[in-house]
There are 4 protein chains.
Amino acid sequence: MSKRVDKKEALLEATLTLVNNHGFHAAPMSKIAKLAQVSPATIYIYFKNKQDMMNAIYLKVKREMADAAFCGYSTDLSVKKGFELVWSNVFEYKMSHPRETKLLEQCETSPIVEADVLKEGIGYLDPLSKLMQRGKEQHIIKDVCDYELYAYVFYPLTFIVLNSEREEIVGERSKSETLFAMAWDCIRA
Amino acid sequence: MSKRVDKKEALLEATLTLVNNHGFHAAPMSKIAKLAQVSPATIYIYFKNKQDMMNAIYLKVKREMADAAFCGYSTDLSVKKGFELVWSNVFEYKMSHPRETKLLEQCETSPIVEADVLKEGIGYLDPLSKLMQRGKEQHIIKDVCDYELYAYVFYPLTFIVLNSEREEIVGERSKSETLFAMAWDCIRA
Amino acid sequence: MSKRVDKKEALLEATLTLVNNHGFHAAPMSKIAKLAQVSPATIYIYFKNKQDMMNAIYLKVKREMADAAFCGYSTDLSVKKGFELVWSNVFEYKMSHPRETKLLEQCETSPIVEADVLKEGIGYLDPLSKLMQRGKEQHIIKDVCDYELYAYVFYPLTFIVLNSEREEIVGERSKSETLFAMAWDCIRA
Amino acid sequence: MSKRVDKKEALLEATLTLVNNHGFHAAPMSKIAKLAQVSPATIYIYFKNKQDMMNAIYLKVKREMADAAFCGYSTDLSVKKGFELVWSNVFEYKMSHPRETKLLEQCETSPIVEADVLKEGIGYLDPLSKLMQRGKEQHIIKDVCDYELYAYVFYPLTFIVLNSEREEIVGERSKSETLFAMAWDCIRA
DNA sequence: AATGAATGAGACTTCATTCAT
DNA sequence: TATGAATGAAGTCTCATTCAT
């Protein structure tokens, strides 16, 4: 019983590592199995096939990220405070989980996971949608559609995290507060 | 010689289509060849191997995008006008070239092309670096490092283009001016 | 002990079903176990391996068929009456047991069970051999070797049963009496 | 061009041999390739997959058998002469082609080839259907449906050929004339 | 330059079987 | 006896690449 969890966990962990190191192509089942220290056949006890496994890992990571994002969040917070909290949470999460960040980005960029799974994952961010809605109704933030707001507030984080890992980058990374200020300047009404 | 161009072009075109439809990991040489109406063997006359071909395609598309970006640009323009021009050019290009946009994004997200090739591609945006530099010196834009500025000004475009293609999106896309205004609000000092 | 019989029975039943639906080569141990509602490991308590199980199943079915064939049979019967009885019994059995019929045919056609097991199974029809012998000695039936007689008298039944299951067959199946008359016409001296 | 025929032929030949020696299961693509002296990958140049290959080999053999069966046949022949000719042809063919005979039997017994392919193969025997029809109309043979006639006239041949190969058989095989006489006695009106 | 045919290596997946409980 | 979990070996098929023409 506990074993079940262990192996599944090990497999997801191994996949995360491999996909990050060399991309989704170049993460064959055999290597995943080896890294997780199980037989290739064992994978198929826990997952129907590779697609199913990728779906599972995407949802797991997305859920983890969403949970982190809304940690301490309440609808009682003002719109700005709400944004600030969620944004900071996401920033923290992404900075401390570059592998997860990269995986999510890859999954959302190329057709690794299935469309409805992607949709389900996006659903995890529902409180954020509601927050945006509230902000628009109260005329605190600009009245542009959700994914445009997301594009300017959260999507840049991905780029920043992904690039701050590279060595050749010139210039020092700004403080979290500065980066949020930019995001907020962008969307406030 | 003109033939040579034709086939290379056809191969690029085919790759672009396939990578977009089902991702890099579903774009085997055989399919690329078939779609380009050449023999698989012919590819190896023009490219050393698949890696080499992907490198070439990435650079070609990146160059095309960069050329579009700086169309009409001159260092005589004010910082804001400069940003506005380049931003609009990029916006136009990405909107009208979703396949190219997606390919670039995939290449920059997962290790499809080699690191130094990626660097070379980024070099094509050198005038933009210089523009940012000028903006920072003149205290017109915020003094944050280049890739953070890029993250907030240009990277959101990718997200917007990629998502505006999806059907299930709720809400109407904002006008180009609005979107640029957001970007500018974000980085101006 | 009664449990033991139950599981063996269930396994036999499951195998019969699977082999019939999609052929021997699509009846893996895992599916057999699932259909019989036992663990794959349990199979190996009752049988040494798959080969052993197939041997056992073949013999069991063959025995069942032979028992049915000689139900009511006695050496006191005249040759013709004897043939008629056995033939009718076989006809009844095969018509009412298409799965068993198909399994036997498959086992005897392709090397699913081992040669000596096959031989043992054929031995179950020994009373029939003796009947043929008697018929030949009394010059009631033709003096051709046993398996040729079998080929004309009983083997056609298999074909008829197997094909009468198909939908696209044109024409109505003849009555049992007609079919036996044909068989008898064929072998009588 | 001639190569193409050679390899395809070699593959069909190899499959025939392997399926006969150890059954359809136990004829993996790797062994087939090895016996045909080609790479496993080469198989997929000529056939879509294993199923497709089995379909092809079945139809090829069936066609060959049918061609042999109707060699010298004409609708001008009397019903009995017609039957005699076709029967003898089939007898000759099956006796001299035990591998082909066994393969056809296996294909028609277990779901190795697809239903419509099976149907197509049976269609090759169309002249025989017509001959049966003629025989029934002229009241020369019994008025039973086609597949029952086939079961008594031709199907026994398969059994005889398959068993005459076995060593342990007791008794000498009858002459062709005797065997046909049995078949004819069986179906004549 | 151009190709259709060919291929070894390796991808995903399933199999018969065994292990720990 | 009975099992769910686990597995090495082997299955089918695809891939990037090369060969002969």
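Chain letters run A, B, ... following the sequence lines, proteins first and then strands; every chain starts at 1. Side chains included, hydrogens not; waters and symmetry mates left out as well; all remaining heavy atoms used.
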Go through F/dT18, E/dA16, F/dT7 for me and flag the one nearest to the A/Ile45 side chain. F/dT7

Please determine, for the side chain of C/Thr42, which listed nucleotide (F/dA2, F/dC13, F/dT7) has the closest atom? F/dA2

A/Gln51 vs C/Asn49, nearer the 5' end of DNA chain E by closest nucleotide: A/Gln51

DNA chain E: C/Ser39 or A/Lys48, which has the more 5' nearest nucleotide? A/Lys48

Identify the heavy atoms of [X] and [Y] that sit nearest to each other, and give their distance.
X        : Y       : value
D/Asn20  : D/Arg99 : ND2-O, 2.9 Å
C/Ala33  : C/Ser39 : CB-C, 4.0 Å
B/Phe47  : B/Asp52 : CA-OD2, 3.4 Å
A/Ile122 : A/Tyr58 : N-OH, 4.5 Å

Mind checking whether C/Thr15 and C/Met54 have side chains closer than 4.5 Å, heavy atoms only? yes

Less than 4.5 Å apart, side chain to side chain, heavy atoms only: is that true for B/Lys60 and B/Lys8? no

Separation of [N] [atom2] from [X] [atom1] (nearest whole Å):
X        : N      : atom1 : atom2 : answer
A/Phe47  : F/dA5  : CZ    : P     : 14 Å
D/Lys50  : F/dT14 : NZ    : P     : 15 Å
B/Gln37  : E/dT3  : CD    : C1'   : 14 Å
A/Lys8   : F/dG4  : NZ    : P     : 18 Å
C/Tyr46  : E/dT17 : OH    : P     : 18 Å
D/Ile112 : F/dT12 : CD1   : P     : 13 Å

If each of A/Val38 and C/Ile43 is mapped to the nucleotide of DNA chain F with the nearest heavy atom, which maps nearer the 5' terminus, i.e. the 5' end? C/Ile43

Reading DNA chain F from 5' onward, which residue's closest nucleotide shows up sooner: D/Ala41 or C/Ala41? C/Ala41

Can you confirm whether C/Lys31 is buried at NZ, in the sense that more than 12 heavy atoms of other residues, nucleotides or ligands lie under 6.0 Å from that atom? no

Answer yes or no: does atom CD of C/Gln37 have more than 12 heavy-atom neighbours from other residues, nucleotides or ligands under 6.0 Å? no

Runs of at least three consecutive Watson-Crick or G-U pairs, both distances under 3.5 Å, are what I'm after; which ones involve DNA chain E? E:2-21 with F:2-21

Qualifying residue for salt bridge (Lys or Arg N to Asp or Glu O under 4.0 Å) with C/Lys62, from C/Glu100, C/Glu108, C/Glu120: C/Glu108

Does a side-chain N or O of B/Lys7 approach OP1 or OP2 of E/dT3 to a distance below 4.0 Å, or not? yes

When you measure from the side-chain N and O atoms of A/Tyr44 to the phosphate of E/dT13, is any distance below 4.0 Å, counting only OP1 and OP2? yes

I need the residues from residues 24-36 of chain C with at least one non-hydrogen atom less than 4.0 Å from DNA chain E; give them sorted by number, or say none. C/Pro28, C/Met29

